[in-house]
2 protein chains.
Amino acid sequence: MADYMEFKIISKPNNLKEIVEELRRAIAKQMSIIIIGKCEVYYKGRGESKLKEGERIIIIKQDGAFLIHRPIGYKPVNWQPDTSYIRVQHTDHGIEIIAFRKKSQETVKVLLDSIKFIGYGKLVDTGKFVMYLDELEIRDVLYKHPEIIEDGMRFTEKEKKLDIGSIDLFGYDRDGRPVIVEIKRVTATREAVHQLHRYVEAYRRKYGVKPRGILVAPKFTASADEALERLGLKKKEINILKLWSMKKKSIEEGKGKSILEFLS
Amino acid sequence: MADYMEFKIISKPNNLKEIVEELRRAIAKQMSIIIIGKCEVYYKGRGESKLKEGERIIIIKQDGAFLIHRPIGYKPVNWQPDTSYIRVQHTDHGIEIIAFRKKSQETVKVLLDSIKFIGYGKLVDTGKFVMYLDELEIRDVLYKHPEIIEDGMRFTEKEKKLDIGSIDLFGYDRDGRPVIVEIKRVTATREAVHQLHRYVEAYRRKYGVKPRGILVAPKFTASADEALERLGLKKKEINILKLWSMKKKSIEEGKGKSILEFLS
DNA sequence: TATTATATCTCGGGT
DNA sequence: ACCCGAGGTATAATA
């Protein structure tokens, strides 16, 4: 059965014509393909790039994702997140692979000569991926525990819609003043302050009342502090790892430590 | 010579102890390594993630970059842009690879069982990469040809420093009013408008004169238009591909078409 | 499709 | 080391 076939290895590719046929079949069957070899790469679309000859790792994935990796660094040097078609043909010097993306009219062309290795096969990967501790999760903990932000705080809405976008958390402080909370899971920059400020202003324009704005983050840059001050906004520093371990341990209120004790 | 050795292929890995030794040597020699096999992955650091069993492509690059790719999509499901060390050992069930990054205290742990393929070797890649048509290049063309922006415009500075950052282009219009230009190579959003607005305000605070602000982009979202209007800023639509082909053809002024004719 | 905001963003440049 | 902004960002959610 095709879905469970072994990974086919060509360790000394030499018959170009045959290789082209094999690659075409592998692409048609939506297999994962790995090619290692010397190549030049040309990109044209949203910009234009040229990559001179060198040895690289080329990956064609089962959904048509196309990656060309240099032997260093996290990022591919050229790529195509999804392709409309991938065309393979042999040339005088070697093999040419063209990956085309229709919606953005982008083309990646690889000129391969001297191939060190080709491998292909169907990979079966249904394993579930879970990411914890993203902004959403932090937001939910704060929603349940407004006392972390401020005594007497209560939240009434998550992702409250305004004309210009949505607010992470919305509620009222002990004096009944509306409060807009913007959350960052990494260091808050001036940029984040202005994002919060836009929401505060949009709220004021819509409801005629200026709400308080609180920026929640584990850290703040100096310019963020300056902008908060200048725009009359507040900040609340949180320890995300503590928030996280708190959530993991699922502390029951009333029984044992309170959440504020836990976070202290 | 190690640098030019062939890519070593193990198409049916079975002796775990031997494989662990080979991988360790390959890592020590800073080779590129590709492993295809069934694995689980655990990440902990800036966040936390779990990936259940499935077949993936694992890449260890020569600088320690570590990537785990599922058979679909552009992005790796787990990764480490640069690692302090990569440790390999065999367990009861298979092989365990731990990639650790000291500066951010991040760990990726891969539990491999059933390896379909291992390949490693030193890849030589010195080929130069050039990217054309990034924001810098657009900026330089506009700097040389202020008439594209507006009749009578002249630029005096690129990347002019203000307290809060630097302005893409700075100059004066036909009436001698200071002008701040912010460039976007993709659709300008409300975000970009506010970025420009911040620069305009910072300039006013510093010099006591309110400059004009012009946002240059190939396209503008409706909310960008609204924000430009509300904040008293202007826009200038440019065709980036035309700018680019113009630069490529290196049109000499006076001889043949003028740049404005070319862009029309 | 367009818009918006997140990301374990990465990466490079500046201070 | 931090800060800042660009990216062929990609990606998911939402209108």
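Computation of the quantities below employed the complete heavy-atom set of this structure, encompassing side-chain atoms and omitting hydrogens, waters and symmetry-equivalent molecules. In what follows, chains are A, B, ... by sequence order, proteins preceding strands, each numbered from 1.
For the C1' atoms, the distance from C:dA7 to D:dG5 is 16 Å, rounded to whole Å. C:dT4 and C:dT8: their P atoms are spaced 22 Å apart (whole Å).
Here the nucleotide nearest the side chain of A:P81, chosen from C:dT8, D:dA6, D:dG8, is D:dG8. Considering only the side chain of A:N78, D:dG8 comes nearest among D:dG5, C:dA7, D:dG8. When each of C:dG14, D:dA15, C:dA5 is scored by its nearest atom to the side-chain atoms of A:K161, the top-ranked nucleotide is D:dA15.
Taking the six-membered ring wherever Trp is involved, the centroid distance between the rings of A:W244 and A:Y132 falls below 6.0 Å.
Counting to the nearest Å, the P atom of C:dG13 and the CD atom of B:E159 are 12 Å from each other. Between the CD1 atom of A:I72 and the C1' atom of C:dT10 there is a distance of 14 Å, given to the nearest Å. Across the protein-nucleic acid pair, A:Q195 atom CD and D:dG5 atom P stand 14 Å apart, rounded to whole Å. The OH-C1' distance, from A:Y74 to D:dT9, rounds to 10 Å in whole Å. Distance CZ (B:R101) to C1' (C:dC11): 11 Å, rounded to an integer number of Å. When the P atom of D:dC4 is taken as reference, atom NE2 of B:H194 falls 19 Å away, rounded to whole Å. When rounded to the nearest whole Å, the span between NZ of B:K75 and P of C:dA7 equals 10 Å. Look at CE on B:M131: it is 12 Å from C1' on D:dA6, rounded to the nearest Å.
Taking 4.0 angstrom as the limit, B:W79 places none of its side-chain polar atoms (N or O) nearer than this to OP1 or OP2 of C:dC9. For A:T221 and D:dC2, the shortest distance from a side-chain N or O to OP1 or OP2 is not below 4.0 Å. Phosphate contact (OP1/OP2 of D:dG7, side-chain N/O of A:R46, threshold under 4.0 Å): absent. Residue B:R190 has a polar side-chain atom (N or O) positioned under 4.0 Å from OP1 or OP2 of C:dT4.
By the 30° and 60° cut-offs, the orientation of the rings of B:F155 relative to B:Y143 is parallel.
A cation-pi arrangement, defined by a distance under 6.0 Å to the six-membered ring centre and an angle within 45 degrees of its axis, is present between A:K160 and A:F170.
In terms of position along DNA chain C, the nucleotide closest to B:T187 lies nearer the 5' end than the nucleotide closest to the other residue of the pair B:T187 and B:V108. Where A:A222 and B:L133 meet DNA chain D, the nucleotide closest to each residue was compared, and A:A222 sits on the side nearer the 5' end.
Under 3.5 Å, the side chains of B:Y42 and B:E40 contain a donor-acceptor pair of N or O atoms.
When heavy atoms are screened at a 4.0 angstrom cut-off, B:F129 is found touching no nucleic acid atom at all. At the heavy-atom level, A:S166 lies nowhere under 4.0 Å from the strands shown. Here B:E106 lies in heavy-atom contact (under 4.0 Å) with a base. Using a 4.0 Å heavy-atom cutoff across all strands shown, B:Y199 reaches sugar-phosphate atoms only and no base atom.
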